[in-house]
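First listed ligand is number 1; within each ligand, the first listed atom is number 1. Counting from 1, the numbers follow the sequence of the chain as shown.
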Amino acid sequence: MNVSEAILTRRSVRSYKDKDIPEEKLHKVIESARMAPSARNKQDWKFVIVQDEEKKDELHEAANGQKFVKEAPTVIVGVATKPEDEMKCGVGTGVVDVTIAMDHITLKATEEGLGTCWIGAFDQEEVKDILNVPEGCRVIALMPIGYPEEELGVMYKERKNPEDITCRDTYY
Ligand SMILES: Cc1cc2nc3c(=O)[nH]c(=O)nc-3n(C[C@H](O)[C@H](O)[C@H](O)COP(=O)(O)O)c2cc1C
């Protein structure tokens, strides 16, 4: 699968098979995050791989009760370890870096036949408590990952038109 195919095939998966992810597949997925770029190559991130049933159950409660969060065999939790750092442009590096790495995860997972879903609807403090994340860190996203109940395939994506999201030489 090439990058374009992965981009077109990836979709939010909210229903997973009750089947564990082989360790070598999980390793490849995590490697894709490890190889992601980061501002000044600081790599101020941590990816908590959650497979414990009790913890997944707690995570799903902290994520608005979204059931598939506990049904997925694994949940990867992306954490910025220096969330206060900013680039010269005033944008926080933590959110940007962890988001890039986790998007690598979504695409690599697709290549491996695995489904993912971004989860932003969660309680920051509850998730920190559940996973023992230090106070100074910030949880950026939860990402259930596993074999999709329905096979992945290229399908229609509801998206804005190119001319609505781009402009030339100046903002309009
Ligand atoms: C930052 C972010 C947070 C999201 N949070 C949730 C969430 O909490 N629950 C959920 O079901 N989907 C969540 N989504 C998935 C979006 O709804 C989904 O990506 C969008 O509708 C486009 O559909 P697609 O991913 O299938 O292409 C999130 C996506 C992003 C990028």
Looking only at protein heavy atoms, which one is nearest to [atom], and how far off is it?
atom	answer
atom 11 (O) of ligand 1	Arg14 NE, 2.7 Å
atom 22 (C) of ligand 1	Arg159 NH1, 3.7 Å
atom 5 (N) of ligand 1	Gly120 N, 2.9 Å
atom 9 (N) of ligand 1	Gln66 OE1, 2.7 Å

message: salt bridge (Lys or Arg N to Asp or Glu O under 4.0 Å) for Glu31 and Arg34? Distances and angles first, verdict last.
response: CA-CA 5 Å; Glu31 272 298 282; Arg34 196 170 73 88; 2.6 Å; yes

- prompt: Which heavy atom of Phe122 sits nearest a heavy atom of Ala141, and at what distance?
  reply: CE2-CA, 4.0 Å

- request: Grab the two heavy atoms, one from Val69 and one from Val75, that are nearest each other, plus how far apart they are.
  value: O-CG2, 3.2 Å

query: Is it true that atom CD of Glu84 has more than 12 heavy atoms of other residues, nucleotides or ligands lying nearer than 6.0 Å?
result: yes

Over 12 foreign heavy atoms within 6.0 Å of CG, Asp18: no

- prompt: Looking only at distance, does Trp118 have an N or O less than 3.5 Å from an N or O of ligand 1?
  reply: yes

field: Under 3.5 Å: N/O of Ala121 near N/O of ligand 1
entry: yes

task: Tell me which part of Cys117 gets within contact of ligand 1: side chain, backbone, both or neither, using heavy atoms under 4.0 Å.
output: side chain

- prompt: Counting distance only, does the side-chain N/O of Tyr16 pair as donor-acceptor with the main-chain N or O of Val13 below 3.5 Å?
  reply: yes

In this structure, does ligand 1 have an atom that sits under 4.0 Å from one of the heavy atoms of [X]?
X	result
Phe68	yes
Met102	no
Glu158	no

query: Taking only heavy atoms of Ser12, which atoms of ligand 1 are found under 4.0 Å from at least one of them?
result: 15 (C), 18 (C), 19 (O), 24 (P), 25 (O), 26 (O)

field: Atoms of ligand 1 close to Arg11 [distance to a heavy atom under 4.0 angstrom, numbered from 1]
entry: 26 (O)

- prompt: Can a protein heavy atom be found under 4.0 Å away from atom 17 (O) of ligand 1?
  reply: yes

query: Is atom 2 (C) of ligand 1 in close reach of the protein, with a heavy atom under 4.0 Å away?
result: yes

statement: Given the options Glu58, Glu54, Glu53, Lys56 meets salt bridge (Lys or Arg N to Asp or Glu O under 4.0 Å) only with Glu53

query: Is there a side-chain contact between Glu71 and Glu149, using heavy atoms and a 4.5 Å cut-off?
result: no

- prompt: Do Glu5 and Val154 come close enough that some side-chain heavy atom pair is under 4.5 Å?
  reply: no

